[in-house]
Enquirer: 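Submitted below is the structure of interest, expressed as structure tokens.
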Amino acid sequence: MAITRSGLQASPLPLTSLELGLLLVLAVLVLFGLLLVYSATYYLARHAFEDPFYFVRRQAVAALLGAIGLLVLWRMDYRRLQRLSIPLMAIGVLSLIAVLIFGEDRLGARRAFSGGSFQPSEFIKPILILYLATWLPTKGERLREFHRGFIPFLIVLGLVVIPIFLQPDLGTGLLIGLVAAWMFIASGATVLQILAGLVLGAGAFAGLIAVHPHAMARLSGYLQILQGTGGAGSHLGAVWEAIRSGGLFGKGPGAIGYTLSGQVPLPHSDSAFAVVGEAFGFVGVMLLILMLTTWVILGFITTSRAPDTFGGLLALGVTLWIAWQGLINLGGLTGVLPFTGLPLPFISYGGSALLSELIGAGILLSVARRMRDANLDRRGGDRRAHLPGAGRRRGAAGR
């Protein structure tokens with residue numbers, strides 16, 4: 001074993017193919033994102049701040065801080081994070097409440113501090129995944145009971161998503177709910193619990209749409225697209241036109257005139273996919289989707305080979321987070337799903353989002369790294385995490 005008492009690797013070991021694959025794809029995605037942010041914000045930053053590198057510099061700082069966090073978490077034994085799950089969860093929930101009281105109103109919502117540079121809802125994603133991965137396995141058979149499993153899970157989830165819905169940020173709340181629900185299912189939920197969750201989720205979603213006019217407007221626009229009466233002249237229509245204008249190989253990152261004409265809202269953040277389409281064409285779009293898909297597949301491989309239930313749930317949560325966020329963003333910008341405003345993982349502008357995503361990647365890499373140690377410790381044994389029904393066997397890792 002090459003693990004010190006601090007939980008860090010005492011001496012470097014060769015990278016496994018899984019770690020190498022995750023790192024290479026991640027590095028390409030982050031660098032690609034920095035290039036797109038620079039392309040989409042060059043003129044805006046030059047006119048608004050007299051500094052063409054204003055946005056990309058901020059994004060690069062977030063990438064650097066995220067890379068440091070990733071390296072620390074990657075070299076750390078992820079099981080040492082269990083003891084931090086409760087205090088981090090408390091800090092995360094309190095920050096969500098604090099932003100409702102002291103946060104700044106931006107674009108019709110109150111989601112961030114410090115001029116939008118710190119967004120608590122982004123950091124609650126890895127925190128909740130860590131908390132659930134620690135808490136769910138301890139429930140054992142009680143997880144399958146409504147009053148001792150399902151109801152406590154709803155309370156934990158409600159502590160997070162209710163403040164986010166009040167900001168309002170329906171897209172992030174929906175994403176967190178989806179990830180948490182799948183982690184609960186993977187831990188051994190019953191069919192009745194799943195059905196009850198679907199009914200409650202659908203009811204809550206319908207109520208939120210009815211309360212928030214902008215959500216109703218987005219849903220109405222989506223229904224018009226399905227009926228063939230919407231799209232042209234809308235946000236979605238502008239994104240489609242930007243992608244079509246890129247043709248097969250694109251115009252290049254310095255020639256995205258349509259995207260920068262003002263017809264595509266927020267091309268550096270919510271609509272970054274439009275920049276990809278115009279700058280790099282259909283080939284670039286497909287390569288981006290391929291890279292994201294590859295990263296998610298490697299995440300699921302890590303999940304299936306995790307040394308213990310806690311690691312398996314951690315890897316599952318991080319992988320589902322990136323997978324669902326990517327699908328919701330791409331689905332909203334292609335008309336497959338209603339538009340939510342969620343950023344494209346590792347690509348869109350947003351320091352809090354990128355930093356949070358790199359922290360999640362570091363946790364996933366830590367699980368992948370510990371697989372090698374488990375193989376050395378338990379040669380010939382069954383080393384799979386066996387996520388379905390995990391809560392009915394062992395508690396948290398190491399118990």
Enquirer: Would you sort out whether His268 and Gln59 count as a side-chain contact (heavy atoms from CB on, under 4.5 Å), showing the intermediate values?
Expert: CA-CA 11 Å; His268 56 297; Gln59 190 76 345; over 6 Å; no
Enquirer: Is the Phe49 ring parallel, tilted or perpendicular to the Phe55 ring (thresholds 30°, 60°)?
Expert: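 The arrangement is perpendicular - the two ring planes meet at more than 60°.
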Enquirer: Identify the two heavy atoms, one from Ala361 and one from Leu70, that lie closest to each other, and give their separation to 0.1 Å.
Expert: CB-CD1, 3.8 Å
Enquirer: When hydrophobic residues are tied together by side-chain contacts of less than 4.5 Å, even through go-betweens, does Leu132 share a cluster with Ile91?
Expert: no
Enquirer: Between Ile97 and Phe118, is there a shared hydrophobic cluster once you connect ILVMFWY residues whose side-chain heavy atoms come closer than 4.5 Å?
Expert: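 Hydrophobic grouping puts Ile97 with Phe118.
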Enquirer: Going by heavy atoms in the side chains, are Pro345 and Trp321 under 4.5 Å from each other?
Expert: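 No, every pair of side-chain atoms sits at 4.5 Å or beyond.
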Enquirer: Pairs under 3.5 angstrom only: tabulate donor-acceptor contacts from the side chains of residues 194-207 to other protein residues two or more places apart or in another chain.
Expert:
none

Enquirer: Indicate yes or no: at least one non-hydrogen side-chain atom of Glu357 is less than 4.5 angstrom from one of Leu354.
Expert: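 A side-chain contact under 4.5 Å exists here.
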Enquirer: Apply side-chain contact (heavy atoms from CB on, under 4.5 Å) to the pair Leu178 and Ile328, showing each step before the final yes or no.
Expert: CA-CA 11 Å; Leu178 284 171; Ile328 292 172; 4.2 Å; yes
Enquirer: For the pair Gln82 (side chain) and Ala133 (backbone), establish whether a donor and an acceptor sit closer than 3.5 Å, ignoring hydrogens and angles.
Expert: no
Enquirer: Taking all non-hydrogen atoms of both residues, which atom of Ala62 and which atom of Leu355 are closest, and how far apart?
Expert: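 It is O-CD1, 4.2 Å.
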Enquirer: Is the shortest side-chain heavy-atom distance between Ile363 and Ile129 below 4.5 Å?
Expert: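 Of all side-chain heavy-atom pairs linking Ile129 with Ile363, none is under 4.5 Å.
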Enquirer: Check whether Arg142 reaches the backbone of Lys139 with its side chain - one donor and one acceptor, N or O, closer than 3.5 Å.
Expert: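 A pair under 3.5 Å: yes.
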Enquirer: Taking side-chain contact (heavy atoms from CB on, under 4.5 Å) as the test, write out the residues that go with Phe165, two or more places apart.
Expert: Val161, Leu170, Leu208
Enquirer: Answer yes or no: is there a side-chain heavy-atom contact under 4.5 Å between Phe153 and Trp135?
Expert: yes
Enquirer: Just to verify, what does Trp295 make a side-chain hydrogen bond (donor to acceptor under 3.5 Å, both in side chains) with, not counting sequence neighbours?
Expert: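 Scan of Trp295 (side-chain hydrogen bond (donor to acceptor under 3.5 Å, both in side chains), adjacent residues dropped) gives none.
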Enquirer: Calculate, to the nearest 0.5 Å, the distance between atoms CG and OG1 belonging to Leu314 and Thr302 respectively.
Expert: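 Answer rounded to 0.5 Å: 11.5 Å.
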Enquirer: Tell me, do Asn329 and Ile347 make a side-chain contact under 4.5 Å, heavy atoms counted?
Expert: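 They are not in side-chain contact.
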Enquirer: Set out, in order, the CA-CA distance, both residues' side-chain angles and the distance that settles side-chain contact (heavy atoms from CB on, under 4.5 Å) for Phe280 and Leu35, then state yes or no.
Expert: CA-CA 12 Å; Phe280 299 99; Leu35 173 62; 3.8 Å; yes
Enquirer: Looking at every non-hydrogen atom in both residues, tell me the closest pair between Val99 and Leu96 and how far apart they are.
Expert: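 Heavy atoms only, the tightest pair is CG1-O, 3.2 Å.
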